[in-house]
Amino acid sequence: QVQLVESGGGLVQTGGSLRLSCAASGRTVSTYAMGWFRQAPGKEREFVAAISWGGGITRYADSVKGRFTISRDNAKNTVYLQMNSLKPEDTAVYYCAKARDEMGRGTPQTYDYWGQGTQVTVSS
């Protein structure tokens with residue numbers, strides 16, 4: 001099994017930055033793509049970013065492209081999401097997830113392990 005634990009969420013002002021971390025334990029995730037999703041109250045869970053197993057390919061939702069950066073350190077079994085220029089509409093619970101393969105697709109159905117989520121709140 002794979003256990004994922006997110007950290008780094010909190011309250012930040014508009015225009016500020018946060019870095020989320022996702023620490024994996026159990027079976028290694030180095031051979032799988034990893035993704036970040038978010039869910040705001042009353043809204044469906046949406047794709048944020050994904051990174052390939054080797055870290056060479058990344059994908060971003062249009063809403064965060066240019067502001068967020070996903071990265072991974074396979075030696076530490078950790079995935080990061082650097083969030084800059086945060087906006088109130090970024091407020092959500094952010095979830096880390098392991099993909100079923102190395103592709104890093106944007107649909108949550110292609111991920112099989114999920115963290116508990118970490119709250120990000122951006123004040124206006």
Side-chain angles (χ1 to χ4, degrees):
Q1 64 175 355
V2 175
Q3 296 178 336
L4 305 174
V5 180
E6 303 97 333
S7 62
L11 176 64
V12 66
Q13 297 179 9
T14 297
S17 298
L18 286 173
R19 187 178 73 162
L20 305 183
S21 298
C22 173
S25 62
R27 186 175 64 191
T28 180
V29 298
S30 62
T31 60
Y32 298 90
M34 298 289 292
W36 287 95
F37 293 76
R38 67 187 183 186
Q39 187 167 22
K43 299 182 66 177
E44 296 182 350
R45 188 168 299 186
E46 66 174 342
F47 170 76
V48 175
I51 186 167
S52 65
W53 67 268
I57 301 174
T58 56
R59 298 178 60 249
Y60 299 93
D62 289 341
S63 59
V64 306
K65 192 173 184 179
R67 300 187 297 120
F68 291 9
T69 302
I70 187 171
S71 62
R72 69 189 301 167
D73 186 339
N74 287 338
K76 298 180 179 180
N77 230 19
T78 301
V79 182
Y80 305 95
L81 184 67
Q82 178 67 47
M83 305 184 294
N84 299 326
S85 301
L86 284 163
K87 306 174 181 179
E89 49 263 46
D90 295 318
T91 296
V93 176
Y94 283 70
Y95 298 90
C96 174
K98 183 191 84 63
R100 298 182 185 273
D101 51 38
E102 76 280 6
M103 300 301 295
R105 300 177 177 91
T107 173
Q109 287 72 30
T110 61
Y111 295 77
D112 56 0
Y113 289 93
W114 296 80
Q116 84 289 346
T118 185
Q119 177 71 48
V120 172
T121 303
V122 184
S123 64
S124 59

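In what follows, every heavy atom counts, from backbone to side chain, and hydrogens, waters and symmetry copies are set aside. Nothing fancy with the numbering, it's 1 onward along the sequence. Predicted model only: the values in this text are computed from it and were never measured.
- Nearest heavy-atom pair, Q116 versus V5, reported as atom, atom and distance to 0.1 Å: OE1-CA, 3.6 Å.
- A donor-acceptor pair is defined here as one N or O able to donate and one able to accept, closer than 3.5 Å; such a pair exists between the side chain of R67 and the backbone of S85.
- With a 4.5 Å cut-off on side-chain heavy atoms, E46 and R38 count as touching.
- Defined by atom type and a distance below 3.5 Å, a donor-acceptor pair is missing between the side-chain atoms of E102 and S52.
- Hydrophobic clustering (ILVMFWY, side-chain heavy atoms < 4.5 Å, transitive): V120 and L81 are in one cluster.
- Atom CD of E89 sits in a crowded spot, with more than 12 heavy atoms from other residues, nucleotides or ligands closer than 6.0 Å.
- Q119 places a side-chain heavy atom less than 4.5 Å from the side chain of T91.
- Between the OG1 atom of T69 and the OH atom of Y60 there is a distance of 4.5 Å, given to the nearest 0.5 Å.
- Note that OG1 of T121 and CG of D90 are 11.0 Å apart. Values are rounded to the nearest 0.5 Å.
- The shortest side-chain heavy-atom distance between W36 and L20 falls under the 4.5 Å cut-off.
- Checked against ring-ring contact (aromatic ring centres under 6.0 Å, His included), W53 has no partners two or more places apart in sequence or in another chain.
- Atom-to-atom distance recorded for R59:CZ and K65:NZ is 10.0 Å, nearest 0.5 angstrom.
- F68 is listed as a side-chain neighbour of L86, based on a closest heavy-atom distance under 4.5 Å.
- Of the possible donor and acceptor atoms, one in the side chain of T78 sits under 3.5 Å from a partner among the backbone N and O of K76.
- Listed here is the closest heavy atom pair of S124 and P88: CB-CG, 3.9 Å.
- E6 places a side-chain N or O within donor-acceptor distance of the main-chain N or O of C96, the cut-off being under 3.5 Å.
- L18 and V93 sit in two unconnected hydrophobic clusters of ILVMFWY residues. Membership requires side-chain heavy atoms under 4.5 Å apart, directly or through other members.
- G104 and A33 make their closest contact through N-CB, 3.3 Å (heavy atoms, listed as atom of the first residue, atom of the second, distance).
- In summary, the aromatic rings of F37 and Y111 are positioned with their centroids under 6.0 Å apart.
- For the pair Y95/C22, no side-chain contact is recorded, criterion being any heavy-atom separation below 4.5 Å from C-beta on.
- Listed by first and then second residue, the side chain to side chain donor-acceptor pair (under 3.5 Å) pairs involving residues 9-21 are S17-N84 (not counting sequence neighbours).
- Remark: I57 CD1 to I70 CD1 distance equals 12.5 Å, nearest 0.5 Å.
- Residues Y32 and V2 have side chains not in contact (no heavy-atom distance under 4.5 Å, counting atoms from C-beta outward).
- Separation of atoms CD1 (I51) and CE (M34) is listed at 10.0 Å; rounding is to 0.5 Å.
- Following chains of ILVMFWY side-chain contacts shorter than 4.5 Å, one cannot reach Y80 starting from V48, and the two form parts of different hydrophobic clusters.
- Distance check: M83 CE to Y94 OH gives 5.5 Å after rounding to the nearest 0.5 Å.
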